[in-house]
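Working notes, beginning with the structure itself.
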Amino acid sequence: MIRILTTNLSLLDNSQIEAYLTSNSLKVCVVGIGRIGLPTALCFANSEFETIGIDINSELVTMVNSGDYPLKDEPEFDKIFENVHSQKKLVAMTDISKAVSECDIVLLSLPTPMNEKNIPDYTALLSVGKSLNKLLSNGQIVIVESTVEPGFIENELLHTIEGPNRTLKSGVDFHLTACPETANPGEIMKDFKKLPRLVGSIDEKISSIVSQIYTHVFGVEIILMPNCKTANAVKLTTNVFRDINIAFINELALLFEKLGIDIYTVIEAAKRKYNFQAHFPGPGVGGPCLPVNSYQYLNSSKKIDNDFLKIVKDARKINENMPNHVVDLLSNALSESNTPLDKSTIAILGVSYKPNIHDAQITPSEEIIKILIEKNAFIKIFDPYFTSQVLFGLTTEKSISDALSESDAAILITGHKEFQNLDLKKFSKTMKNPVLVDCTGLVKPMDAKENGIIFRGIGRGDI
Ligand SMILES: NC(=O)c1ccc[n+]([C@@H]2O[C@H](COP(=O)([O-])OP(=O)(O)OC[C@H]3O[C@@H](n4cnc5c(N)ncnc54)[C@H](O)[C@@H]3O)[C@@H](O)[C@H]2O)c1
C-alpha cells in the first residue's frame, strides 16, 4: 500500500503541488495520535491520503487499528473514524522509523506539558526530533502542531533535528513549519472546519506549500505568519488572554461576594456593551492548554527578565488560588449548618476541567479534593464522564444519587450538560445535609434556597 520513496515537495511549483494533492499522492505521518493528533490524522486520511499515525502508546495503536476509538466525548468523531477505518486509509504504529521514510510530510502533535515546577517540558518533541535526524533525507516537511513557546522551534527543535554535527541541513534535507493547533476539546471536528490555521516557516516557500495542503484538507482560511515564532505567539496569546480575563472575573467574584453583588447579573448586563467580552468565574483554570500556555510565556520572559509579564504571573496566582476559595465557601456553608468539615463527607460533582469532555488534566477538582482530604474530609466523586473509575486514588460513583446519599455537602465543580436543570428537591432530600457550593453558575441561589439548601456560589453575593 505504501511507497518507499517520498516526494520532495519543496521542488514542486504551485500547480504541481495541486496536481499531487488532487491525485491523492501525498503520504502523511502524524506523530502523537492523542486528542489533537488522531482527529488530524483522520482528516488527512479522509481526504484520501495514505496516513500513518505514530504513538508510543501501543494500546492506543492496537485500539485504533482494531476499529475502536478513543475520544467518545468528541461530537462527529465516530463518523469520520468509522469512514476512515472502513476505507483502510489510516494505519497506526509505534515504530517511527518505518513511517517517516515513506512520508512526504511529518506532523508533530506531541504533548507539551509542564513539570512540577511549572517549567515547560518539551521532552517528547526533542526526543522525536532526535529520531528524525536519522530518518529525514529527502526534503520532507516537518509541521509542528504542538503548542510551544516562541523561538523553541528555531532555537531548539531545528538544531536537534539537524544534529550536533549538522548531519542534516534545514532547508535542504528537511523543512520546518509551525502550524499550531487551536481547536477546543469537545468541539474539535467543528473547529477543524471553521477555525483559520496559522502557518509560519523557516523558509517562506514552505509556508505556501503547507497552506495549499491545509486548504485542501481542512478548507479553512490560512493566516500566513512571517515565521514560526510569530505563529506560536498568536496561539499563546489567544489562550493566555483567556487565562488573564478569567482571573480578572475571578477576582471580581471575590469582591462581589463581599459587596453583595451577583457576578452573573453583572456579566449579563456588561455583555450588552459591544466591546465587552464575557468570561465567567470558576474554581480555577485547568486542562493541558491554558495554564501551560501562561507558563510557556512566563518561561520565555524569564529568559529575558524575571519581572516581565506581571499580569500573566498574577493571573496564574489568582486562578491557582480558586480551589482554596471554594473550600472556604464550603467551610462557611457547613458552619451555617453546624457541621464541621473535619470527618464530613463531601460529594464532588464533576472532575473534568471543562464541561462535556472526559479530561481531568490539571483539573481544579484535583486540588480541591487534595485540600479537603488534608482537612480530614471524606470524598465521594460523581462525574458522568468518569463513572466507576479510579481517579486521584478514589473510585468514582455510578450515579449522582450514590454520591449525594450520606453526604454532608456537595460541590458542583464542572458545568456538564448532565448537571443542568438539577432536581434540587430530590438533591436536597438525598443528602444527609443539604449544603451546596456551586462553582458553575448553573444553580440559581434563590432556587437552592427555596428547596431548603444552604447555598454558596462563586461570585454570588446576593444570598
Ligand atoms: N488538547 C487540547 O485541547 C489541545 C488543543 C490545541 C492544541 N493542543 C496542543 O497539541 C499538542 C498535543 O496535545 P494533545 O492534547 O493531543 O495531547 P495528548 O496527550 O492527547 O496526545 C499526545 C499523544 O502523543 C503520544 N506521545 C507522547 N510521546 C510520544 C513520542 N515520543 N512518540 C510518539 N508519540 C508520543 C502520547 O502517547 C499521546 O497519545 C500539545 O502541544 C497541546 O498543547 C492541545
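Atoms within a ligand are numbered from 1 in the order they appear, just like the ligands themselves. The basis for the numbers below is simple: all heavy atoms, side chains too, and nothing from hydrogens, waters or symmetry mates.
For ligand 1, the protein residues within 4.0 angstrom (heavy atoms only) are Val31, Gly32, Gly34, Arg35, Ile36, Asp55, Ile56, Asn57, Leu60, Ser109, Leu110, Pro111, Thr112, Ala124, Val128, Ser146, Thr147, Glu181, Ala183, Pro185, Lys235, Pro288, Cys289.
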Pair up each side-chain donor or acceptor in residues 30-47 with any protein partner under 3.5 Å, not counting sequence neighbours, and list the distances.
residue, atom, partner, partner atom, Å
Arg35, NH1, Asp73, OD1, 3.2
Arg35, NH1, Asp73, OD2, 3.3
Arg35, NH1, Glu74, OE2, 2.8
Arg35, NH2, Asp73, OD2, 3.1
Arg35, NH2, His358, O, 3.4
Thr40, OG1, Ile36, O, 2.7
Asn46, OD1, Asn83, ND2, 2.8
Ser47, OG, Cys43, O, 3.0

Show me the side-chain donor-acceptor pairs of residues 123-137 shorter than 3.5 Å, one per line, residues at least two apart or across chains.
residue, atom, partner, partner atom, Å
Thr123, OG1, Asp121, OD1, 2.2
Ser131, OG, Ser127, O, 3.2
Asn133, ND2, Ile161, O, 2.7
Asn133, ND2, Glu162, O, 2.9
Asn133, ND2, Thr167, OG1, 3.1

Pairs of donor and acceptor atoms involving the side chains of residues 243-250, under 3.5 Å and at least two apart or interchain, shall be tabulated with distances.
residue, atom, partner, partner atom, Å
Asp243, OD1, Arg316, NH2, 2.8
Asp243, OD1, Asn319, ND2, 2.8
Asp243, OD2, Ser294, OG, 2.7
Asp243, OD2, Arg316, NE, 2.8
Asp243, OD2, Arg316, NH2, 3.2
Asn245, ND2, Phe241, O, 2.7
Asn250, OD1, Gly282, N, 2.9
Asn250, ND2, Asn319, OD1, 3.0

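For Asn138 (side chain) and Gln140 (main-chain N/O), no donor-acceptor pair under 3.5 Å exists by modelled atom type.
Closest non-hydrogen pair, Cys228 versus Gly200, comes out as SG-O, 3.5 Å. Across Tyr385 and Gln389, no two heavy atoms sit closer than the pair O-NE2, 4.0 Å.
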